[in-house]
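Below, chains carry the letters A, B, ... as their sequence lines are ordered, and counting in each starts from 1.
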Amino acid sequence: MVRSADAGRSSSERILDAVRRVPAGKVVSYGKVARLAGLPGAARQVGYAMARLDGESDVPWQRVVRSDGSLAPRGGGLASCGMKEQRRLLEGEGVGFGADDRIDLARYGWRPEPPPE
DNA sequence: AAGTTGACTATTT
DNA sequence: AAAATAGCCAACT
């Protein structure tokens, strides 16, 4: 029988797949990714999936930011470790940061289906 | 096997 | 406005 393309895939893999859909120059919040992955409300799971990502993965984890447009400080000691890199990469894709180190979601927030104006 | 942790978000105080 | 609380689900110990 036909099964959805995600059948058999773990939720985490669906999350990664959703992040892969994010175009460069745009950012998406964890909750949004969770929703796209089919796990509404599981924003934490999205972050967890990113945390265990490998540098070899083709997943643009940097395009995933917090709901308020700020970057996510990796909870542990070497916090800013990946965070600074994240900002640099986003700026390299054309994403601008505000004076509060925040991204303007109204401008760079990616929409799965951007409605024509 | 059971309990704790965690790159989150939205609600309430 | 900022801080605390609850809800989420998988991985880790």
Next item on the list: Kindly say if R66(A) contacts the phosphate of dC8(B), meaning a side-chain N or O under 4.0 Å from OP1 or OP2.
Entry: yes
Notebook entry, point to check: Under 3.5 Å, side chain of Q86(A) to main-chain N/O of V64(A), donor-acceptor pair present?
Noted result: yes
Notebook entry, point to check: Are R20(A) and D17(A) close enough for a salt bridge, meaning some N to O gap below 4.0 Å?
Noted result: yes
Check: Is it true that atom NZ of K32(A) has more than 12 heavy atoms of other residues, nucleotides or ligands lying nearer than 6.0 Å?
Finding: no
Item checked: Pairwise 5' ranking along DNA chain C for A43(A) and Y48(A), keeping only the more 5' one -> A43(A)
Item checked: Heavy atoms of other groups near R87(A) CZ, more than 12 under 6.0 Å -> yes
Check: So, is S67(A) near the phosphate of dT9(B), with a side-chain N or O under 4.0 Å from OP1 or OP2?
Finding: yes
Next item on the list: Give the rounded distance in Å between these two atoms: CG of L39(A) and C1' of dC8(C).
Entry: 10 Å
Next item on the list: Using only heavy-atom distances, decide whether a donor-acceptor pair under 3.5 angstrom links the side-chain of Y30(A) to the base of dA7(B).
Entry: yes
Next item on the list: Could you state the atom-to-atom distance from CZ of R52(A) to C1' of dT5(B) in whole Å?
Entry: 15 Å
Next item on the list: Measure from CD on Q45(A) to C1' on dA7(B) and round the result to the nearest Å.
Entry: 12 Å
Check: Please give, in whole Å, the distance from dA10(B) P to L105(A) CG?
Finding: 11 Å
Next item on the list: Starting at atom CD of E13(A), determine the distance to atom P of dA11(C), rounded to an integer number of angstrom.
Entry: 10 Å
Next item on the list: Would you mind reading off the distance between D68(A) atom CG and dA7(B) atom C1', rounded to a whole angstrom?
Entry: 13 Å
Check: Between dC8(C) atom P and R35(A) atom CZ, what is the distance in whole Å?
Finding: 15 Å
Check: Rounded to whole angstroms, how far apart are CG on L89(A) and P on dA7(B)?
Finding: 19 Å
